[in-house]
Novice: 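Can you read through this structure? Questions will come right after.
Everything numeric in this text was worked out from a predicted model, so none of it was measured. All ligand and atom numbering here is 1-based and tracks the order in the structure.
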Amino acid sequence: MGSIGPYSDAGGAFNPFKGYFNSIDGTLRPTKETRHGTNPATLETLPEVPVATEKEDQAAVSAGQRAFKSWSQKPWSTRRDAVLSFADAIETHAQGLAELLTMEQGKPTSLATGEVSYTLNWMRGMAKIEFIDEMRTTKQGFKVIIRYVPLGLTVGILPWNYPVAQLCQKMLQAVLTGNTIIIKPSPFTPYCGLKLGELAQRCFPPGVVQVLSGDNLLGPMLTGHPDIKKISFTGSTATGKHIMQNAAKTLKRVTLELGGNDPAIVCKDVDVDVVAPQIASLAFYNSGQVCLAIKRVYVHASIYDSFKSVVVRHVNGLKVGNGREDGVALGPVQNQMQYDKVSGFLSAAEKEGWTVVAGGVSTKQPGTGYFIQPAVIDRPPDDSSIVTEEPFGPIMPLLAWTDKDDVISRANDTPMGLGASVWSKNLDEARSIAEKLEAGSVWLNAHLALDVSVPFGGHKESGIGCEGGIEGLKAFCNIQSLYLSS
Ligand code: NAD
């Protein structure tokens, strides 16, 4: 274990469906206490996973610090080759990992396979980025090298919607730039993370990539540890604020990828039959459990009725069910907490008298999973919770607009600023709206289309910093300006 070289299965048979351990200092370690996840489609109990305590936390921190000393000195090419060998290892076991992903997260097989292949493309694309020091000359005659030096031992904390992609993104940006990393998967979806940790031990030296599974105590333990230099966190805005507070004690660097409430503004010139199904699909992708899903749709009043009827027809045709079954477009929501949250919006619809024009029905029976038919709410008030809050589930409000400045200010009337989109055949008009939207990623006639070369991050309370592109690599570095005397 722990050698750098082309990936092979020499470390022993790898079985995604059995044996879940923390990866600490190049070895797979059980813990005294264990816990388990739940398959959200069947409510079956999944296998036991470790619960890391202070003992494991400290062991991983010590190993990560030790490993940093030599890993940070390795040339870029060595680090890149290790990352590429890890990508090969994932590819070798892609099918098993995708099945495990459906089992723990609930997403349909096609989305799980898509997440694994997206991850591979992302890793291989990032590994190609040329990340070199910059040279400048000062008026006083110094040649200055702007060096990007690694921070040290870092931590990645993950949510439960993209357990494979998010782990690999954080890990790759950390280790390519010479850092070491401890990853903490979400307690709701620890399985793929632990198996990726196991594979990583075959591709990286001990202590470079470690994975710890735990309960709610583990996150604060890691973010409060004085020897950790950076926290890269993806999750809710509320947790992001706690993390920033904890990190402030030792001025840890933070990247926070947080919640969103993305608006889509639809202009009157769109082809309704094409755009309405596209927008509905983007809103309900992964059962709406995407930070960058469309969460509010503002449709020009002149096409509102026809847009609504195409959306309703499309949504009523989406099959909800166990992600392992053929033809399923929406799996269950991932956990009881999320199910209760979305159900809360559906109860509010009844109580507040919002018009539900599609879905909105829970099909949960005793012994079945967290299934919710995708719901469309027709013009709820702008100050209703379904418009102002992020449901992170299969429920979407449709709203009407007539005045351009007014719709821009309604779209921006939120503490969130993750993504947004404008849909129109008139690209100049669409761009003039897009440039006024307060969000980190804004698309014309698309949404959720990410690329490895482009940074991704939130404005306002949707986050701090970014991931992806050269900017994502820089976020794992300190800058050192080295003045050379002539
Ligand atoms: P969450 O904030 O509840 O949990 C995320 C992670 O933080 C989990 O691993 C959890 O164990 C850990 N955690 C919880 N409290 C902690 C603490 N005090 N200190 C340290 N760690 C702690 O979020 P979630 O429910 O898992 O994910 C859903 C949220 O994530 C949504 O709001 C969604 O928009 C957001 N999200 C954002 C992005 C993005 O890139 N911006 C991507 C995916 C999800």
Novice: Return the option from Y162, F392, F233 holding the heavy atom at the smallest distance from atom 5 (C) of ligand 1.
Specialist: F233

Novice: Is it the side chain (CB and beyond), the backbone, both or neither of P187 that lies under 4.0 Å from ligand 1, heavy atoms counted?
Specialist: side chain

Novice: In ligand 1, which numbered atoms sit nearer than 4.0 Å to a non-hydrogen atom of C291?
Specialist: 34 (O), 36 (N), 37 (C), 38 (C), 39 (C), 40 (O), 41 (N), 42 (C), 43 (C), 44 (C)

Novice: Side chains of H447 and Q278: is there a donor and an acceptor less than 3.5 Å apart?
Specialist: no

Novice: Is it the case that the side chains of T234 and E257 hold a donor-acceptor pair, with the cut-off being a distance below 3.5 Å and no angle test?
Specialist: no

Novice: Count the heavy atoms of every other residue, nucleotide or ligand shown that sit under 6.0 Å from CZ of R35, and state whether that count exceeds 12.
Specialist: yes

Novice: According to the interplanar angle, ranging from 0 to 90°, do the rings of Y20 and Y191 count as parallel (below 30°), tilted (30 to 60°) or perpendicular (above 60°)?
Specialist: perpendicular

Novice: Decide whether T53 and K55 meet the rule of one side-chain donor and one side-chain acceptor closer than 3.5 Å.
Specialist: no

Novice: Give yes if a backbone or side-chain nitrogen or oxygen of K184 is under 3.5 Å from a nitrogen or oxygen of ligand 1, and no if not.
Specialist: yes

Novice: Is it the case that the side chains of T239 and S236 hold a donor-acceptor pair, with the cut-off being a distance below 3.5 Å and no angle test?
Specialist: yes

Novice: Measure up the W160 and F392 rings against each other and bin them: parallel (under 30°), tilted (30 to 60°), perpendicular (over 60°).
Specialist: perpendicular

Novice: Pick one of side chain, backbone, both or neither for how I243 approaches ligand 1, counting any non-hydrogen atom pair under 4.0 Å.
Specialist: side chain

Novice: When you measure from atom 25 (O) of ligand 1 to every protein heavy atom, which one gives the shortest distance, and what is it?
Specialist: W160 NE1, 3.0 Å

Novice: Can you confirm whether the side chains of D451 and S453 place a donor and an acceptor under 3.5 Å from each other?
Specialist: yes

Novice: With a cut-off of 6.0 Å (strictly less than), are more than 12 heavy atoms of other residues, nucleotides or ligands near CD of E352?
Specialist: yes

Novice: Ignoring hydrogens, just give me the one of P159, G156, A165, G235 whose non-hydrogen atom is nearest atom 30 (O) of ligand 1.
Specialist: G235

Novice: Could you tell me whether some N/O pair between E390 and ligand 1 is separated by less than 3.5 angstrom?
Specialist: yes

Novice: Tell me whether L258 has any N or O atom under 3.5 angstrom from an N or O of ligand 1.
Specialist: yes

Novice: Look at atom 12 (C) of ligand 1 and say which protein heavy atom is nearest, naming residue and atom and giving the distance to 0.1 Å.
Specialist: I157 CG2, 3.7 Å

Novice: Would you tell me which option among T239, N335, L217, T223 has the nearest heavy-atom contact to atom 14 (C) of ligand 1?
Specialist: T239

Novice: Would you mind listing which atoms of ligand 1 come within a distance below 4.0 Å of any non-hydrogen atom of G219?
Specialist: 19 (N), 20 (C), 21 (N)

Novice: Of all the non-hydrogen atoms in the protein, which one sits nearest to atom 6 (C) of ligand 1, and at what distance?
Specialist: L158 O, 3.3 Å

Novice: Tell me, which protein residue and heavy-atom name are nearest atom 18 (N) of ligand 1, and how many Å apart are they?
Specialist: P220 CG, 3.8 Å

Novice: Applying a heavy-atom cut-off of 4.0 Å, say which part of N161 lies close to ligand 1: side chain, backbone, both or neither.
Specialist: side chain

Novice: Considering all heavy atoms of both residues, which atom of F476 and which atom of K170 are nearest to each other, and what is their separation?
Specialist: CZ-O, 4.0 Å

Novice: For atom 23 (O) of ligand 1, what is the nearest protein heavy atom, given as residue, atom name and distance?
Specialist: S236 N, 3.3 Å

Novice: Could you tell me whether Q166 approaches ligand 1 through its side chain, its backbone, both or neither, with non-hydrogen atoms closer than 4.0 Å?
Specialist: side chain

Novice: So is K195 actually on top of F21's ring, under 6.0 Å and inside 45° of the axis?
Specialist: no

Novice: Which ligand 1 atoms are under 4.0 Å away from a heavy-atom of F456?
Specialist: 40 (O)

Novice: Provide the number and element of each atom of ligand 1 under 4.0 Å from a heavy atom of L418.
Specialist: 41 (N)

Novice: For ligand 1, is S186 a contact, meaning one of its heavy atoms is under 4.0 Å away?
Specialist: yes

Novice: Is it true that the side chains of S441 and W443 contain a donor and an acceptor less than 3.5 Å apart?
Specialist: no

